[in-house]
Amino acid sequence: QSPVPVIDAATLAPIVRKAIDDQGQLDDAKVKKALDARPVVRSLSFPAAYLVERLAGSSVDHACVLPAGQDPSSWTPDGALVAGLTDADLLVANGAGYEAWTERAALPQSRLLLSAAGLDLLTVPRTEHEHGGSGAHLHEGTNPHTWLDPDRYAAQARAVAAALMTLVPVKAPEIEARLGELAVELDGLAATWDELLGVLNEHQIAGNDVAWAYLLERAKLPFTLILLDPAAPLEAPPAEAFRAFVGAHPSPLMLWTAA
């Protein structure tokens with residue numbers, strides 16, 4: 001005789017929440033639909049979306065809410081989209097301030113995963129600039145580009161995997177296997193980056209984006225930030241800062257983020 005199936009509280013909670021009718025009563029049809037449906041997961045930026053896609057596979061109903069071509073640091077969703085997110089079983093963000101709008105929106109905190117929470121984060125000075133005509137935005141405080149460091153991104157992957165295994169415990173072995181595969185890939189990427197960064201020791205390095213800081217920190221290389229919009233003409237004062245940097249160092253190297 002087959003054993004009685006056991007559903008833990010973490011799995012049952014979203015099912016019950018979706019199966020309650022307008023009068024606060026359980027609806028049998030909604031219970032069946034909720035049991036048959038895959039949990040709804042919404043990612044809020046591309047680093048988070050990649051982790052969900054790699055780890056969850058087809059075990060969840062996943063979509064990234066960030067429109068193509070939008071910068072997560074400056075994009076703000078409309079009220080209807082935010083309201084729709086309250087129905088998701090899990091919201092996955094990079095965190096570290098990358099999706100700045102989440103700090104102002106009324107999101108269900110118990111279902112919002114900031115995957116970079118708890119990481120050792122770098123900071124950036126207060127600066128304002130544009131990317132490709134998308135409008136000026138502010139860099140200040142925490143540097144959110146954690147995924148560019150393979151070790152930090154691996155920690156974020158572990159956080160996402162843990163949340164997914166709680167959400168879909170029956171798929172935990174598959175999620176854990178995918179996490180292992182991703183960990184191997186990130187270890188290989190870390191080794192490649194370290195080899196490439198090792199040849200830069202004799203250079204003085206600048207970059208036009210705060211994101212470069214996480215890579216250069218791996219090799220303990222100093223980094224000068226010169227915020228230049230790659231889609232705009234070279235104008236003062238950034239141009240003056242760039243010329244000063246080149247003139248002050250015998251072996252300057254500029255790392256460039258394209259528009």
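Taking the side chain as every heavy atom from C-beta outward, Asp209 and Leu227 never approach each other to under 4.5 Å. Between Met254 and Leu228 there is a side-chain heavy-atom pair separated by less than 4.5 Å. For the pair Leu113/Leu91, no side-chain contact is recorded, criterion being any heavy-atom separation below 4.5 Å from C-beta on.
Atoms CD1 and CG, from Ile175 and Leu55 in turn, are 7.5 Å apart once rounded to the nearest 0.5 Å. Here the CG-CG distance, from Leu66 to Asp71, works out to 8.5 Å after rounding to the nearest 0.5 Å. One finds the CG atom of Leu197 at 10.5 Å from the OG1 atom of Thr192 (value rounded to the nearest 0.5 Å). We find the CD-CG distance between Glu202 and Leu221 to be 11.5 Å, quoted to the nearest 0.5 Å. Between atom CH2 of residue Trp212 and atom CZ of residue Phe223 there is a gap of 8.5 Å, rounded to the nearest 0.5 Å. Rounding to the nearest 0.5 angstrom, the gap separating the CG atom in Leu225 from the CG atom in Asn208 is 8.5 Å.
Side chain of Arg178 to backbone of Glu53: no donor-acceptor contact under 3.5 angstrom is found. Of the possible polar contacts, one joining the Ser115 side chain to the Ala93 backbone as a donor-acceptor pair under 3.5 Å is found. Of the possible donor and acceptor atoms, one in the side chain of Gln109 sits under 3.5 Å from a partner among the backbone N and O of Leu107. Checking side-chain atoms of Asn143 against main-chain N and O of Val210 turns up a donor-acceptor pair under 3.5 Å. Between the side chain of Asn201 and the backbone N or O of Gly198, at least one donor-acceptor pair lies under 3.5 Å. Listed for the Gln204 side chain is no donor-acceptor partner under 3.5 Å among the backbone atoms of His249.
The two residues Ala96 and Pro144 come nearest to each other via the heavy atoms O-CB, 3.4 Å. Here the shortest heavy-atom pairing between Asp151 and Ala190 reads OD1-CB, 4.2 Å. Closest of all the heavy-atom pairs between Val170 and Pro173 is O-CD, 3.9 Å. Contact record, Ile226 with Pro238: CG2-O, 3.8 Å, taken as the closest heavy-atom pair. Taking every heavy atom of both residues into account, Ala155 and Leu119 meet most closely at CB-CD2, 3.6 Å. When all heavy atoms are compared, the tightest approach of Arg104 to Thr76 is NH2-OG1, 3.3 Å.
Salt-bridge check for Arg218 with Asp194: passed, with a basic side-chain N closer than 4.0 Å to an acidic carboxylate O. Remark: Arg152 engages Glu217 in a salt bridge, criterion side-chain N to carboxylate O under 4.0 Å.
Cluster annotation: Val199 is connected to Leu253 through the hydrophobic network of ILVMFWY side chains, with a link wherever side-chain heavy atoms come within less than 4.5 Å.
For an aromatic pair to be called close, the ring centres must be under 6.0 Å apart, and Tyr98 with Trp147 satisfies this.
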Candidate pair Met165 and Glu176, rule side chain to side chain contact (heavy atoms under 4.5 Å, CB included), full reasoning: CA-CA 8 Å; Met165 287 188 282; Glu176 192 165 10; 4.3 Å; yes
Kindly indicate, with the supporting measurements, whether the criterion side chain to side chain contact (heavy atoms under 4.5 Å, CB included) is fulfilled by Val92 and Leu112. CA-CA 6 Å; Val92 182; Leu112 174 62; over 6 Å; no
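Atom CH2 of Trp193 has 12 or fewer heavy atoms from other residues, nucleotides or ligands within 6.0 Å.
Considering only residues two or more places apart in sequence or on other chains, His203 meets the ring pair (Phe, Tyr, Trp, His ring centres under 6.0 Å) condition with none of them. A search for side-chain contact (heavy atoms from CB on, under 4.5 Å) contacts involving Val246 returns Phe242, Pro252, not counting sequence neighbours.
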Table please: side-chain donor-acceptor pairs of residues 40-52 below 3.5 Å, with sequence neighbours left out.
unit_1, atom_1, unit_2, atom_2, d
Arg42, NH1, Asp61, O, 3.0
Ser43, OG, His62, NE2, 2.8
Ser45, OG, Glu99, OE2, 2.6
Tyr50, OH, Arg54, NH1, 2.7

